[in-house]
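Each residue takes its place number in the sequence, starting with 1. Note that the structure is predicted; figures quoted are calculated from it, not measured.
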Amino acid sequence: MYTLFGSDRSGSAAIEMALGLCGADFRLVAASSWNEGVGQDELKRLNPLMQVPTLVAPGNAVLTESAAILTHLALEFPQSGLLSGDSPERAQQLRALAYITTNCYATIGLIDYPERWLPGADQQQLDRLVAGATGKLHSQWEVFSDVFHNPVAWHPEAPGAVEILASVVSQWSGAREHLRVCRPEWYASLEEVDRHPRIALVLERHGW
């Protein structure tokens, strides 16, 4: 059985979705760096950065970083459809996963915790940093849509790792509202992903 450390409305939702598509048994442990919980000490022991999601696989291997976890699950459960069996298609999916984590996910951390990046700054400076990072995040999602919204990398009718991660990460920092105006076709495609039964179940549980 897998053990997933996470928190409501966090990136652990993507791993819940993936485990559901894999048909894997797992238990959830409520823990994060920002909310106290019974699993907090255990999370810190497993992942000193206290990042969620953190996944413990059967055999006690510890997995962190959403793209790495999704890729691992895709390899362990090839029938899940998390990644394609076709090499050129899979290459674009891996590229898309890396894009989300390095560009969009990372920028959200700056928006949520600007004081970590500008220690000692006053509120006006922090607000300017957040505003600039939010604008950058929205432009990064525009680029994602332009590059990856195509039949090779994107499959809303049969969501895999890319669609799952995009569904979750685009929930934050006003990205969906921005995309609804600036990239309406891709926004509609994201909503199609959200309606998949396995995904909708987790989104509802997280209050999205």
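Crowding of Q123 atom CD: a count of heavy atoms from other residues, nucleotides or ligands under 6.0 Å exceeding 12. Counting heavy atoms of neighbouring residues, nucleotides and ligands inside a 6.0 Å radius, atom CZ of R90 exceeds 12 of them. In Q79, the CD atom is crowded: over 12 heavy atoms of neighbouring residues, nucleotides or ligands sit closer than 6.0 Å. Atom CZ of R205 has more than 12 heavy atoms from other residues, nucleotides or ligands within 6.0 Å.
Proximity of a side-chain donor or acceptor of Q171 to a complementary backbone N or O of S167 within less than 3.5 Å is detected. In this structure, the side chain of N60 does not engage the main chain of A57 through any donor-acceptor pair within 3.5 Å. Side-chain atoms of E16 never come within 3.5 Å of backbone atoms of V202 as a donor-acceptor pair (strictly under, hydrogens ignored). Counting only distance, with no hydrogens or angles, the side chain of S145 and the backbone of W141 share no donor-acceptor pair below 3.5 Å. Side chain of H196 to main chain of R198: a donor-acceptor pair is present (N/O by atom type, distance under 3.5 Å, no hydrogens or angles).
Between W172 and Y105, the ring center distance clears the sub-6.0 Å criterion. W186 has its ring centre no less than 6.0 Å from the ring centre of F148.
For the pair D146/R183, a side-chain contact is recorded, criterion being any heavy-atom separation below 4.5 Å from C-beta on. At least one side-chain heavy atom of P53 sits under 4.5 Å from a side-chain heavy atom of S66.
Note on ring orientation: taking the six-membered ring where Trp is involved, the planes of F144 and W154 are perpendicular (angle over 60°, cut-offs 30° and 60°).
Salt-bridge formation is detected for the pair D194/R176: a Lys NZ or Arg NE/NH1/NH2 atom is positioned less than 4.0 Å from an Asp or Glu carboxylate oxygen.
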* **Stepwise side chain to side chain contact (heavy atoms under 4.5 Å, CB included) test for L4 and V52** => CA-CA 9 Å; L4 175 61; V52 293; over 6 Å; no

